[in-house]
2 protein chains.
Amino acid sequence: MVADNLGMDIDSLDGPLGHRVYSVLRNGILDLTFPPGMVLRKAALCEQLGVSRSPVAEALGKLSSEGLVDIIPQSATRVSQLSLGELREESFLREAVEVAAVAKVAIERTDEQLTRLSRNMRLQALLAEDHDYQGFFEADVDFHALIMEFTGYPKVAAAAGQLSLQLRRARMLLLPKEGRSDETLQEHQAILDAIRHQDPVTARKAMSAHLGQLITRLAPLEQQHPTYFRST
Amino acid sequence: MVADNLGMDIDSLDGPLGHRVYSVLRNGILDLTFPPGMVLRKAALCEQLGVSRSPVAEALGKLSSEGLVDIIPQSATRVSQLSLGELREESFLREAVEVAAVAKVAIERTDEQLTRLSRNMRLQALLAEDHDYQGFFEADVDFHALIMEFTGYPKVAAAAGQLSLQLRRARMLLLPKEGRSDETLQEHQAILDAIRHQDPVTARKAMSAHLGQLITRLAPLEQQHPTYFRST
DNA sequence: AGGTGTCAACTAACATGCCAGTTGAAGGAG
DNA sequence: CTCCTTCAACTGGCATGTTAGTTGACACCT
């Protein structure tokens with residue numbers, strides 16, 4: 001008897017059934033409800049979700065092409081494990097994209113966009129003060145998502161999210177001991193200031209410095225959670 | 001009676017059947033055998049490929065998530081049309097990634113890598129001299145792919161390809177009248193020189209200038225091939 | 001007891017039957 | 001003649017039966 005309530009299913013009213021189970025599985029993987037390495041049994045998922053195998057297969061296929069599940073032909077399919085190398089690659093990509101984006105936003109920003117970023121910053125400060133690390137994490141993600149949105153390039157925003165899925169999963173692991181809210185807050189403030197002053201060069205540097213520190217904090221995780229990482 | 005020979009199917013021996021039809025369709029879309037806007041009938045594809053609907057559905061699903069086909073629920077699925085806005089977005093992404101990549105490669109390059117790039121450059125010059133624009137185009141793609149490979153980040157190379165699928169399709173349209181081989185050659189040479197001298201700053205600028213010119217050449221296509229572009 | 005061959009149970013992959021939503025054209029009303 | 005309604009044919013989404021390949025364990029041979 002495994003955990004069977006997945007917190008959602010039919011209330012995700014939107015679109016095709018296949019897309020809904022995709023969302024459910026994806027969320028479960030990203031918030032580590034399905035830990036890396038866990039085997040996903042199609043039959044079990046069908047029973048729990050109350051659907052047939054077709055939409056589940058479709059969902060697993062998509063997740064596979066996103067790298068969130070490894071699917072071994074004719075054998076099994078399991079939640080993909082993390083690897084430090086892959087995290088480094090995603091970090092490189094994320095930095096490349098977000099640095100370019102923040103430079104563009106710094107130049108073209110409107111006052112209304114600046115206001116929205118400021119509002120998010122105050123929210124971050126509030127949550128950090130309350131030691132609500134979960135909420136702080138979400139506000140942090142929103143901060144970056146806002147900048148992506150302000151590029152005016154919806155596809156860029158979507159791609160930036162897709163490209164750092166593994167990073168997002170890894171960051172969940174160091175959530176509990178987030179004693180770093182203050183530093184993060186300062187780094188975000190530096191980025192915001194550069195955007196405010198419409199200074200793309202400084203914005204680039206601030207974003208680069210902010211993102212660059214993440215990978216060094218991720219490295220120790222391989223020892224702390226060996227089962228979550230690829231054996232190589 | 002439509003064109004029915006797709007030049008390959010079973011000779012792509014690798015992996016699952018679904019993945020093979022995916023490859024076939026993808027290639028057809030990218031080389032404009034399936035022009036943008038063309039409706040893809042599942043039944044017809046099944047007959048032509050000699051497979052059932054499951055692998056075809058799976059393939060179309062993947063292509064949909066890559067943005068190569070638009071799939072209208074309960075109605076039809078057609079090859080996605082181009083849009084100048086989307087091309088601009090991809091251009092932005094591509095520049096962000098490739099500029100970051102070339103800077104890294106410039107710093108870390110080995111002599112062996114430099115040799116392979118040089119060899120590719122000589123091939124480009126040869127093909128340009130012979131006015132073999134098709135071959136030149138492929139060598140051009142290889143040049144960029146080599147740089148991506150030399151980052152040592154296989155996922156980055158893969159992502160760079162995925163992120164500029166629409167661009168690659170659009171470039172097929174301006175292939176016939178490639179009177180620009182000489183300029184392209186010079187720009188590639190500038191990039192190679194910067195890599196040779198291990199000068200990341202110059203490499204960035206050269207790559208940025210090289211990629212930046214593409215979008216301006218793409219803009220007129222919307223008028224020349226109106227049926228290939230989204231009606232908006 | 002250690003290594004090996006075989007077999008049974010499980011898995012994903014594929015084929016096919018069924019259903020619901022969409023669309024476009026034809027026919028009737030204004 | 002134009003617009004609206006209706007309906008039939010076609011589409012993709014879903015369920016389920018079938019097939020082939022992998023795996024792990026048990027028994028058998030050495």
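Values in this document were obtained by computation on a predicted structure and should not be read as measured data. Order of the sequence lines fixes the chain letters, A, B, ..., with proteins taken first and strands second; residue numbering starts at 1 for each chain.
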Student: Could you tell me whether the side chain of B:Ser54 has a donor or acceptor atom within less than 3.5 Å of a complementary atom in the base of C:dA15?
Tutor: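 Indeed there is one.
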
Student: Identify, between A:Pro73 and A:Arg53, the residue whose nearest nucleotide on DNA chain D lies closer to the 5' end.
Tutor: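 Taking each residue's closest nucleotide, the earlier one in sequence belongs to A:Arg53.
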
Student: Quick check: any donor-acceptor pair below 3.5 Å linking the side-chain of B:Arg41 to the base of D:dG12?
Tutor: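 Per atom types, no contact qualifies.
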
Student: Pick base, sugar-phosphate or nothing for B:Leu60, based on heavy-atom distances below 4.0 Å to the nucleic acid.
Tutor: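 Touches nothing.
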
Student: Measuring only between side-chain heavy atoms, which start at C-beta, is A:Gln124 closer than 4.5 Å to A:Phe136?
Tutor: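 When only atoms from C-beta onward are counted, A:Phe136 and A:Gln124 do touch, with a gap below 4.5 Å.
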
Student: Measure NE2/A:His19 against P/D:dC14 and give the value in whole Å, please.
Tutor: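 Atom NE2 in A:His19 sits about 11 Å away from atom P in D:dC14.
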
Student: Taking it one step at a time, do B:Val102 and B:Glu98 satisfy side chain to side chain contact (heavy atoms under 4.5 Å, CB included)?
Tutor: CA-CA 6 Å; B:Val102 80; B:Glu98 293 211 15; over 6 Å; no

Student: Both A:Ile72 and B:Leu40 contact DNA chain D. Which one's nearest nucleotide lies toward the 5' end?
Tutor: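 Mapping each residue to its closest nucleotide by heavy atoms, the 5'-most match is B:Leu40.
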
Student: In whole Å, what is the span from the CD atom of B:Gln74 to the C1' atom of D:dG12?
Tutor: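 The answer, rounded to whole Å, is 5 Å.
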
Student: What nucleotide, of D:dG13, C:dA15, C:dC14, holds the atom closest to the side chain of B:Val51?
Tutor: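 Ranking D:dG13, C:dA15, C:dC14 by closest atom to the B:Val51 side chain puts C:dA15 first.
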
Student: Distance check needed: D:dG13 P versus A:Tyr22 OH, whole Å only.
Tutor: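 The distance from OH of A:Tyr22 to P of D:dG13 comes to 16 Å, rounded to the nearest Å.
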
Student: Give the rounded distance in Å between these two atoms: CZ of A:Arg78 and C1' of D:dT23.
Tutor: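 For the pair A:Arg78 CZ and D:dT23 C1', the rounded distance is 12 Å.
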
Student: Roughly, in whole Å, what's the span from CG in B:Leu49 to C1' in C:dA15?
Tutor: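 For the pair B:Leu49 CG and C:dA15 C1', the rounded distance is 15 Å.
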
Student: Write down the distance between CG (A:Leu45) and C1' (C:dC10), rounded to a whole number of angstrom.
Tutor: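 In whole Å, C:dC10 C1' and A:Leu45 CG are 16 Å from each other.
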
Student: For D:dG13 and B:Lys42 - does any side-chain N or O of the residue sit under 4.0 Å from the phosphate oxygens OP1/OP2?
Tutor: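 For B:Lys42, the contact criterion (side-chain N or O under 4.0 Å from OP1 or OP2 of D:dG13) is met.
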
Student: Determine, stepwise, if the pair A:Arg26 / A:Asp31 fulfils salt bridge (charged side-chain N to carboxylate O under 4.0 Å, His left out).
Tutor: CA-CA 9 Å; A:Arg26 183 190 151 111; A:Asp31 66 16; over 6 Å; no

Student: Kindly point out which of D:dG13, C:dC14, C:dA12 is positioned nearest to the side chain of B:Ile71?
Tutor: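 Taking heavy atoms from C-beta onward, the closest nucleotide is D:dG13.
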
Student: Starting at atom CG of A:Leu17, determine the distance to atom P of D:dG12, rounded to an integer number of angstrom.
Tutor: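 Spelled out: CG on A:Leu17 to P on D:dG12 is 18 Å.
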
Student: So does B:Ser75 get a side-chain nitrogen or oxygen closer than 4.0 Å to the phosphate oxygens (OP1/OP2) of C:dT22?
Tutor: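 False: B:Ser75 side-chain N/O out of range (4.0 Å or more) of C:dT22 OP1/OP2.
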
Student: Do B:Lys104's NZ or CZ and the ring of B:Tyr153 fall within the cation-pi criteria of under 6.0 Å and 45°?
Tutor: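 Yes.
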
Student: With the side chain counted from C-beta on, respond yes when A:Leu25 and A:Leu45 share a heavy-atom pair under 4.5 Å apart, and no when they do not.
Tutor: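 Yes, at least one pair of side-chain atoms sits under 4.5 Å.
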
Student: Rounded to whole Å, how long is the line connecting atom CD of A:Glu58 with atom C1' of C:dA13?
Tutor: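 Value for this atom pair: 15 Å.
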
